[in-house]
Amino acid sequence: MNTPSPASTAAGQTPEVSVLSRRTFIGAGAAAAAVSILPQHVIGAGGAATGEKLRVAYIGCGTQGIRELLRLVTIPEAEVVAVCDPVKNGNDYVDWSRDGLRSSIAAALGQPDWRRGAPGIPGGRDVAKEIIETVYAKQPGREGFKGCATYADFRELLEKESDVNVVKVMTPDHLHATIAIAALKKGKHVVMHKPLANRLHEARLVIETARTTRLGTHFLPASDGANIRTIKGWIDDGAIGRLREIHNWSNRPVWPQYPTIPSDTPPIPANFDWSLWLGPSLDRPYHPNYTNAVFRGWYEFGGGALADMGHYSLWPVFQQFELDSPFMVESRPAHLCELNGKVAVRIKNDYSFPAACTIRFKFAAKGDRPALDLFWYDGSMKPPTPEELEAEGRELPLEGMMFVGDAGRILAGFRGESPQLVPEQKMRAYRAAKNLPEPPPPQRGPAAASARGGDAEWVAAFRAGRSTYGDFLLAGPISDAFNLAAVSLRLGGRRLAFDSARARVTNVAEANKYLTREYRKGWELPISPA
């Protein structure tokens, strides 16, 4: 199946992608054929009809799901009417602090002692229901709210909740495509966390389903990329000569990526439907090393550090620099060894992401842009420190991005820092020559999250009947790239030549089986053979 990339857009312009009639867009279960498609600039930014809210089904109530739910319930134009998770009421979640999530829930509920002293980290569909109903009971304008329904199985939710018009997907990665496609086919608009899917053909099928149903979609890690637009403008102005390379590095993973498959078989926790959690994946014994935040480290269930963090930083790069799917991907994964008796042997691992890696993507020239190499680093790996920084006694930050031309470099941080030419003297001279203002201080915390848009962006766009900068139709090239990278890593760092039109790796035949998955009976998706 071939999913062509969307039309390219000039830097700083809004793409002319599908825009939906406001009334049809809000209406539950709208028939795809009834939706009109218009250029975005034709439609005004008006809101929905008076008193009309988006009715949201929330699928995935783990730690990140709950964390984002706490923000969504503060938006008056949306109403979460159903939640779904295979965990009913759990306390064995993995998170980034012992009490941070519990404290956030307690603050949102106005109950400082909520579950104080209870064991573990909370989550599950009953916790989500309690949050929604408690918060809404205190909000003006919620008088018509009739309570939040709960489901273990998203398929049952989609069958019974006919009044839902938006589905937000916050599950582990291996379920993303299955749920998104089912929701779109039921006439629901879809909001999804990264990635679209952790298989290349599944991501293409999600995009094709969004295209054919003409329903609204939003990819949560997407951003409008203000810093990248600035950098693109500087490059177009000749500030670093011809762009040759982009380097992006992250301190992820910040979770265990287990080097061996679990051999013990602990009991399945009470109130947890393991079979529903597996979804399309083949049966295997339950183990906590697969679930919660650590699912990210397994090829079957996650997308590794690149899918976790790279979608945030590289989404605007793909959009602003008009990157199509890469024609070549290669990787350098770290490896581990163990003792077999008294002999050291390398662990053969095609089931979990490495603790660290570098990945190189090659993109063809396009328009005035020359051919381009994009490098990804994780596990605290970084590119070599540029001579310009060495001369100033500076180091590369913990996470960041660097644009390399044949006449200079630009640094861009992950954490709200403004981009800068290096060395500082060159930045000062360029700023003076172009009469540019001094950059604002870095945005952090809630202000930075607000600037990135989040739920408020898609709620406003969906109610106005317009597309967002995170429309699924824009996600083809980045989804291809990241899923190809996972295959390269899984094959021990093999260099893969990719034919985008045929959606096929042309030089390593065995790689093509990893562009899809082996499905559990009854969970198959209509994937075209590679």
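This one's a predicted model, so the numbers in the text were calculated from it and none came from an experiment.
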Exercise. Within a strict 4.5 Å, meaning less than it, do heavy atoms of the F462 and N165 side chains meet?
Worked result: no

Problem set entry | Straight-line distance of Y290 OH to S281 OG, nearest 0.5 Å | 11.0 Å

Problem set entry | Interatomic spacing from CD1 in I235 to CD1 in I410 - rounded to 0.5 Å | 4.5 Å

Exercise. Quick one: does V329's side chain get under 4.5 Å of F498's, heavy atoms only?
Worked result: no

For this session: Would you name the heavy atoms of F472 and I207 that are closest together and state the gap between them?
Result: O-CG1, 3.6 Å

Seminar exercise, completed: Minimal heavy-atom distance between Y519 and E202, with the atoms involved, is OH-OE2, 2.6 Å

Exercise. Okay, side chain of H174, backbone of G279: is any donor-acceptor separation there less than 3.5 Å?
Worked result: no

Exercise. If only atom types and distance count, is the side chain of H193 paired as donor or acceptor with the main-chain N or O of T171 below 3.5 Å?
Worked result: no

Problem set entry | Exercise: identify the closest heavy-atom pair between N248 and G400 | ND2-O, 3.0 Å

Exercise. Could you give the distance from NZ (K232) to CG (L243), rounded to the nearest 0.5 Å?
Worked result: 9.5 Å

For this session: Would you indicate whether the side-chain heavy atoms of L474 and F318 approach each other to under 4.5 Å?
Result: no

Exercise. How far apart are the closest heavy atoms of S418 and P440, and which atoms are they?
Worked result: OG-O, 3.7 Å

Problem set entry | Check against salt bridge (charged side-chain N to carboxylate O under 4.0 Å, His left out), E208 and R204 | CA-CA 6 Å; E208 189 60 30; R204 286 190 167 211; over 6 Å; no

Problem set entry | Gap separating the CD1 atom of I131 from the OH atom of Y136, nearest 0.5 angstrom | 11.0 Å

Exercise. Could you go step by step and tell me if C357 and L489 meet the side-chain contact (heavy atoms from CB on, under 4.5 Å) rule?
Worked result: CA-CA 8 Å; C357 71; L489 291 169; 3.8 Å; yes

For this session: Could you walk me through whether V505 and V487 pass side-chain contact (heavy atoms from CB on, under 4.5 Å), step by step?
Result: CA-CA 10 Å; V505 175; V487 175; 5.7 Å; no

Exercise. Within the side chain of E133, is there an N or O that forms a donor-acceptor pair under 3.5 Å with the backbone of G147?
Worked result: no

Seminar exercise, completed: For M192 and V206, the nearest pair of non-hydrogen atoms, with its separation, is CE-CG1, 4.4 Å

For this session: Dump the intermediate steps for side-chain contact (heavy atoms from CB on, under 4.5 Å) on R520 and S275, then the final yes or no.
Result: CA-CA 10 Å; R520 196 150 57 115; S275 179; 3.0 Å; yes

For this session: Examine distances only and state if a side-chain atom of Y58 and a backbone atom of L69 form a donor-acceptor pair shorter than 3.5 Å.
Result: yes

For this session: Examine W277 together with F301 and report whether their ring centres are nearer than 6.0 Å.
Result: yes

Exercise. Can you name the residues that form a ring pair (Phe, Tyr, Trp, His ring centres under 6.0 Å) with F361, not counting sequence neighbours?
Worked result: none

Problem set entry | N198 (side chain) donor-acceptor with G302 (main chain) under 3.5 angstrom | yes

Problem set entry | Side-chain (D480) to main-chain (S325) donor-acceptor, under 3.5 angstrom | no

Problem set entry | T74 side chain to R71 backbone, donor-acceptor under 3.5 Å | yes

Exercise. How about I228 and Q319: do any of their side-chain heavy atoms sit closer than 4.5 Å?
Worked result: no

Problem set entry | Close side-chain approach of L220 to K168, heavy-atom, < 4.5 Å | yes

For this session: To the nearest 0.5 angstrom, please state how far the OH atom of Y299 sits from the CG atom of D173.
Result: 14.0 Å

Seminar exercise, completed: So the salt bridge (charged side-chain N to carboxylate O under 4.0 Å, His left out) pairs with at least one residue in residues 291-308 (sequence neighbours excluded) are K194-D308, R199-E300, R252-D308, R296-D308, E300-R517

Exercise. Looking at CE of M170 and OG1 of T63, how far apart are the two atoms once the value is rounded to the nearest 0.5 Å?
Worked result: 8.5 Å

For this session: Using a strict 4.0 Å threshold on nitrogen-to-oxygen distance, state whether K88 and D126 make a salt bridge.
Result: yes

Problem set entry | Donor-acceptor contact present, side-chain R55 to main-chain V81, <3.5 Å | no

Problem set entry | Centroid-centroid under 6.0 Å between F219 and H311 rings | yes

For this session: Indicate the atoms forming the closest heavy-atom contact of F327 with F363, along with that distance.
Result: CE2-C, 3.6 Å

Exercise. Are W249 and P397 side-chain neighbours, meaning at least one heavy-atom pair lies under 4.5 Å?
Worked result: yes

Problem set entry | Salt-bridge present (E457, R466; N to O < 4.0 Å) | yes

For this session: Please determine which of M402, H247, E417, M401 meets the side-chain contact (heavy atoms from CB on, under 4.5 Å) test together with L411.
Result: M402

For this session: Could you please spell out the steps behind the side chain to side chain donor-acceptor pair (under 3.5 Å) verdict for E161 and Y151?
Result: CA-CA 10 Å; E161 297 294 330; Y151 296 88; 2.5 Å; yes

For this session: Kindly check if the number of other-residue, nucleotide or ligand heavy atoms within 6.0 Å of NZ (K146) is above 12?
Result: no

Exercise. Just by distance, do the side chain of K188 and the backbone of V164 share a donor-acceptor pair under 3.5 Å?
Worked result: yes

Problem set entry | Full working for side-chain contact (heavy atoms from CB on, under 4.5 Å) between L158 and V167 | CA-CA 9 Å; L158 292 174; V167 169; 4.1 Å; yes

Exercise. Are side-chain heavy atoms of V127 and D85 found at a separation under 4.5 Å?
Worked result: no

Exercise. With under 30° as parallel and over 60° as perpendicular, where do the rings of W523 and F154 fit, or are they tilted in between?
Worked result: tilted

Problem set entry | Any side-chain heavy-atom pair of V190 and L215 under 4.5 Å | no

Exercise. Is the backbone N or O of V294 less than 3.5 Å from a side-chain atom of N292, with the two atoms forming a donor-acceptor pair by type?
Worked result: no

